[in-house]
There are 2 protein chains.
Amino acid sequence: MKTRGNGKQRGEPVAVDFGKLPGYIGYQVRQAQSAIFRDISRSLRATGVTPGEFSLLAMLRANPDINSITLARIYQLDKATLSLSIKKLVKRGLISSTRSANDRRFYSLRLTPEGSEVLRRVTRHIERQESAMDAVLAPGERAMLIGLLTRVARAFDR
Amino acid sequence: MKTRGNGKQRGEPVAVDFGKLPGYIGYQVRQAQSAIFRDISRSLRATGVTPGEFSLLAMLRANPDINSITLARIYQLDKATLSLSIKKLVKRGLISSTRSANDRRFYSLRLTPEGSEVLRRVTRHIERQESAMDAVLAPGERAMLIGLLTRVARAFDR
DNA sequence: TATTGTTATACTCTATAACTATA
DNA sequence: TATAGTTATAGAGTATAACAATA
């Protein structure tokens, strides 16, 4: 069943036993995430925006004046991690960070016009990738997959 | 082992608009992967084995004498990346790497007895997590989710 | 005292490039 | 020439800890 170690590998498919791995949701989610990430990273390379940054820009468009602590809570990242991501996007001119007048501990984050433009461009790549996934899904399966993933993720929230 | 997200930023729910993000499969897979990874990293901390290393150990159990190039192809990682992972596991005494007699360019990888024991212990944690996911899924939904994820991942495999 | 945010530091994971050994 | 594997180096992403500013 398993033919390896015989010097026959030439890049052709190799018969490999995956054991119980394919039956694990954790394994399959990881594999899917890797495949999706590799694909979108290639598409986005020219934009200089990573998938995580896309998500941040999209949140800023939907929630102008959001602050970094709120974003850190949403993504369950340390505030220091968000601080670095934000600094990079500010330096690139894609977002603005202005101290709030009411409570001067906060910085209000917003997309700049250039950030909006980059977000539009990135969104086109993202939606092209989503269409590629629809091509292998039957009607209704996208909604089903999203529902299942949401429930699984929530099983570990809190 | 560093883990992502330690809950420090958790607070009360904040009213936030996620825009179109929740409708993207890429976004949802990423969120699910993060949640699953954070949870299992906590469980595995004491074993010193990461989720990726679990996957490697499981492949070695199912495919004794597999070599690193084959593993690199399977996981679409560079051979240099696999080389480092393997070196670490060899140093920890969990796997052995012995030069193949037929073709001395190859190294045959195998679990050591200690590696087998660690794999058993880690597998118990993994399967406990999988059970936690089953608790939020109806009968048949695990198979459905796995099938959908597999098809989506394959949509990007070459 | 508590909260928001920054900086310094370190660890993991990954790739690229240059290398050795073997075929 | 081609393949398997290692090492050096670098970059992205993350966390922890210590800090400053503000409430």
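To find a chain, count down the sequence lines: A is the first, B the second, and so on, and within it residues start at 1.
Separating the OH atom of A:Tyr75 from the C1' atom of D:dT14 is a distance of 16 Å, rounded to the nearest angstrom. At whole-Å resolution of the value, CG in A:Leu82 and C1' in C:dG5 are 11 Å apart. Here the P atom of nucleotide C:dC13 and the CG atom of B:Leu71 are 16 Å apart, to the nearest Å. In this structure, CZ of A:Arg38 is placed 16 Å from C1' of D:dA12, rounded to the nearest angstrom. Rounding to whole angstrom units, CG of residue B:Asn67 and C1' of D:dT6 are separated by 15 Å. Protein atom CD1 of B:Ile95 is 12 Å distant from nucleotide atom P of D:dG5, rounded to whole Å. Atom CD1 of A:Ile69 and atom P of D:dA23 are 16 Å apart (whole Å). The distance from atom CG of A:Leu109 to atom P of C:dT4 is 13 Å, rounded to the nearest whole Å.
Taking the nucleotide of DNA chain D with the nearest heavy atom to each of A:Phe37 and B:Ile86, the more 5' of the two is matched to B:Ile86.
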Given protein heavy atoms under 4.0 Å, the one-letter contact record of nucleotides 17-23 of chain C, with B base, S sugar-phosphate only and - none, is simply B---SBS
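Distances shorter than 4.0 Å separate some side-chain N or O of B:Lys87 from OP1 or OP2 on D:dT7. Contact between the side-chain N/O atoms of A:Ser83 and the OP1/OP2 oxygens of C:dT4 is not found at any separation under 4.0 Å. Here B:Arg73 reaches the OP1 or OP2 of D:dA4: one of its side-chain N or O atoms lies under 4.0 Å away.
Screening A:Val122, A:Leu89, A:Thr123 against A:Leu57 for a side chain to side chain contact (heavy atoms under 4.5 Å, CB included) leaves a single residue, A:Leu89.
In this structure, B:Ser68 reaches the sugar-phosphate backbone alone: every heavy-atom distance under 4.0 Å involves primed, P, OP1 or OP2 atoms, never a base. When heavy atoms are screened at a 4.0 angstrom cut-off, A:Thr50 is found touching the sugar-phosphate backbone but no base atom.
Considering all non-hydrogen atoms of both residues, B:Arg104 and B:Arg99 come closest at O-NE, 2.6 Å. When all heavy atoms of A:Met59 and B:Val16 are compared, the pair lying nearest together is CE-CG1, 3.2 Å. Taking both residues in full, the closest heavy atoms of A:Arg142 and B:Gly23 are given as NH1-O, 2.8 Å, listed atom of the first, atom of the second, then distance.
A distance of 6.5 Å separates OH of B:Tyr75 from CG of B:Leu56, quoted to the nearest 0.5 Å.
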Go through the steps to decide whether A:Leu145 and B:Leu149 satisfy the test side-chain contact (heavy atoms from CB on, under 4.5 Å), and finish with yes or no.
CA-CA 8 Å; A:Leu145 176 52; B:Leu149 289 170; 4.1 Å; yes
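In this view, B:Lys87 satisfies the side chain to side chain donor-acceptor pair (under 3.5 Å) rule with no residue, not counting sequence neighbours.
With distances taken from any side-chain atom of A:Phe106 to the nucleotides D:dA15, C:dT14, C:dT4, the minimum falls on C:dT4.
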